[in-house]
Amino acid sequence: MNTLPRKEDINVYDSLDERSAVREFYGKTREQIFKELIDGYQYLQESLAFMGPVGFAYYAPAWERLFTHFDDAEELEVVVQWTRCIISIRCISMDTETPESIAAMHRMLDCCEAFYHSDTCLNYYVEEARLYGYAESLLACPPELQKELKACARLRAQLGK
């Protein structure tokens, strides 16, 4: 979908969360939303998580761009955590998702997994592990990183192929 979503594409069930998503997203391009996400993704993630599937499929690429915008591992870890939260919320009602919205969630998980397999992420977790006195044998793949990779795998399984 390359045209802006209609209000009905964002607000399907007239819930409070969807109404909020309409206020924050309706009439805005992906580029406009991306610019807003740079400084406010912690705030806007909830509206993205609860909006209708057509609106979500349209705006998800703006969220995905956050993974290439930030280069700080700590900031990226927060983006990853919010991304997984968005997907978890959307998985609650998988029967209402469209093939396009499911594909968008898969792409978002691709971004998370790419971060978790990056040297930036590994260095971040290794530093954390050293800070907390982990044994040298655990530094190759700290338990927290293994846990996060498993969480992504569980979400991927919920989404199916």
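Here H117 pairs with nothing under the ring pair (Phe, Tyr, Trp, His ring centres under 6.0 Å) rule; sequence neighbours left out.
Side-chain contact between F56 and P5: absent, with no pair of heavy atoms (C-beta onward) separated by less than 4.5 Å. Side-chain contact between E31 and R65: present, with at least one pair of heavy atoms (C-beta onward) separated by less than 4.5 Å. Annotation: side chain of M94 is in contact with side chain of I102 (closest heavy-atom distance under 4.5 Å). Contact of the L145 side chain with the L122 side chain is registered, since non-hydrogen atoms from C-beta on lie closer than 4.5 Å. Counting only heavy atoms from C-beta outward, the side chains of R90 and T96 never approach each other to under 4.5 Å. Using a 4.5 Å heavy-atom cutoff, the side chains of Y124 and E128 are in contact.
Looking only at distances, a side-chain donor or acceptor of R30 sits under 3.5 Å from a matching main-chain atom of Y58. Listed for the E18 side chain is a donor-acceptor partner under 3.5 Å among the backbone atoms of V12. Listed for the N11 side chain is no donor-acceptor partner under 3.5 Å among the backbone atoms of K7.
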If you look only at distance, which donor and acceptor atoms sit under 3.5 Å apart when one is on a side chain in residues 78-87 and the other is two or more places apart or in another chain?
from : atom 1 : to   : atom 2 : distance (Å)
Q81  : NE2    : E77  : OE2    : 2.6
Q81  : NE2    : Y116 : OH     : 3.2
Q81  : NE2    : E148 : OE1    : 3.2
T83  : OG1    : W63  : NE1    : 2.7
T83  : OG1    : V79  : O      : 2.6
R84  : NH1    : Y116 : OH     : 3.0
R84  : NH1    : E148 : OE1    : 2.2
R84  : NH2    : E148 : OE1    : 3.1

Taking only distance into account, with no hydrogens and no angle test, what donor-acceptor pairs under 3.5 Å do side-chain atoms of residues 40-55 form with protein atoms, sequence neighbours excluded?
from : atom 1 : to  : atom 2 : distance (Å)
Y41  : OH     : E75 : OE2    : 2.3
Y43  : OH     : E24 : OE2    : 2.7
S47  : OG     : E24 : OE1    : 2.3

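Cluster annotation: I10 and Y13 are assigned to distinct hydrophobic clusters (Ile/Leu/Val/Met/Phe/Trp/Tyr, side-chain heavy-atom contacts under 4.5 Å, transitive). Hydrophobic clustering of Ile, Leu, Val, Met, Phe, Trp and Tyr side chains at less than 4.5 Å, counting indirect connections, unites V22 with L4. In the hydrophobic clustering of ILVMFWY residues, with side-chain heavy atoms under 4.5 Å counting as a link, L155 and I89 come out apart.
Between E144 and K147, no side-chain nitrogen of the basic residue sits less than 4.0 Å from a carboxylate oxygen of the acidic one, so the salt-bridge criterion is not met. Using a cut-off of 4.0 Å between Lys/Arg side-chain N and Asp/Glu carboxylate O, R6 and D9 are scored as salt-bridged.
Closest non-hydrogen pair, E64 versus A104, comes out as OE2-O, 4.0 Å. In plain terms, the two heavy atoms of I38 and F70 that are nearest each other are O-CZ, 3.6 Å.
Within 6.0 Å of CG in D71 there are 12 or fewer heavy atoms belonging to other residues, nucleotides or ligands.
A distance of 11.5 Å separates CD1 of I33 from NZ of K35, quoted to the nearest 0.5 Å. Interatomic distance, C91 SG to R154 CZ, rounded to the nearest 0.5 Å: 12.0 Å.
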Full working for side chain to side chain contact (heavy atoms under 4.5 Å, CB included) between C121 and D119: CA-CA 5 Å; C121 177; D119 289 340; over 6 Å; no
